[in-house]
Amino acid sequence: MSVKPILKMGEPSLLQKAKEVKDFGSPELLQLLEDMKDTMAHANGAGLAAPQIGVDLQVVIFGTDQINPRYPDAELVPRTVLINPKLEYLNDSPEGLEMGWEGCLSVPGMRGLVPRYQHLKYSGFDEWGNAFSRQVSGFHARVVQHECDHLWGILYPMRMNDMSQFGFVDVLFPELDPHTDD
Ligand code: NI
């Protein structure tokens, strides 16, 4: 078990573009993924990006084998390791956007209503360097956009267009479990 501290908004490194992984299958990369999985599970997160634990690499993980109590109404997103991702929006007009509530382990205790593209194709590599791609929609597409944004130095409040829809989770959603609120 290796739970790492999660960097919070205000940390300059969260605003940097992360570097591409070149060394697939290396012990360092596999250890990073173990640390990320332990840290995400400990924090009960929907996803985690390497820069959030201070590692400057294009690595994200997301998804679970069971419904996340932070997002009880969300569809199941399969456990995924995604490295050096590329996103292709299938409808990048304004009509292709949908609003949804997001939280972030780097912005603890807060939620905001964020526009995201509903449909996208993402591609990248697993930890062994095997290429894969998926076409996804809805919550799955939202999670991918949120996590990949961490690799481009973007936090979800920077995507918001209505700051009146940003607040503390215990105020906005008092019915949620207070131990799963960030
Ligand atoms: Ni996040």
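As a basis for the values below, the full set of heavy atoms in this structure was taken, side chains included, without hydrogen atoms, waters or symmetry mates. Remember, it's 1-based here, ligands and their atoms both numbered in the order they're listed.
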* Asked: With no hydrogens and no angle check, do the side chains of His140 and Tyr122 hold a donor and an acceptor under 3.5 Å apart?
  -> yes
* If Ile, Leu, Val, Met, Phe, Trp and Tyr residues are connected whenever their side-chain heavy atoms lie under 4.5 Å apart, and connections chain through other members, are Val114 and Trp152 in the same group? -> yes
* When you check the side-chain N and O atoms of Asp35 and Ser2, is any donor under 3.5 Å from an acceptor? -> yes
* With the Ni ion (ligand 1) as the centre, enumerate protein N/O/S atoms below 2.8 Å in chain and residue order. => Cys104 SG, His146 NE2, His150 NE2
* Applying salt bridge (charged side-chain N to carboxylate O under 4.0 Å, His left out), name anything that partners Arg79, two or more places apart in sequence or on another chain. => Asp65
* Asked: Which other residues end up in the same hydrophobic cluster as Trp128, if Ile, Leu, Val, Met, Phe, Trp and Tyr are linked when side-chain heavy atoms come under 4.5 Å apart?
  -> Leu30
* Any residue meeting salt bridge (charged side-chain N to carboxylate O under 4.0 Å, His left out) with Lys17, in chain and number order, not counting sequence neighbours -> none
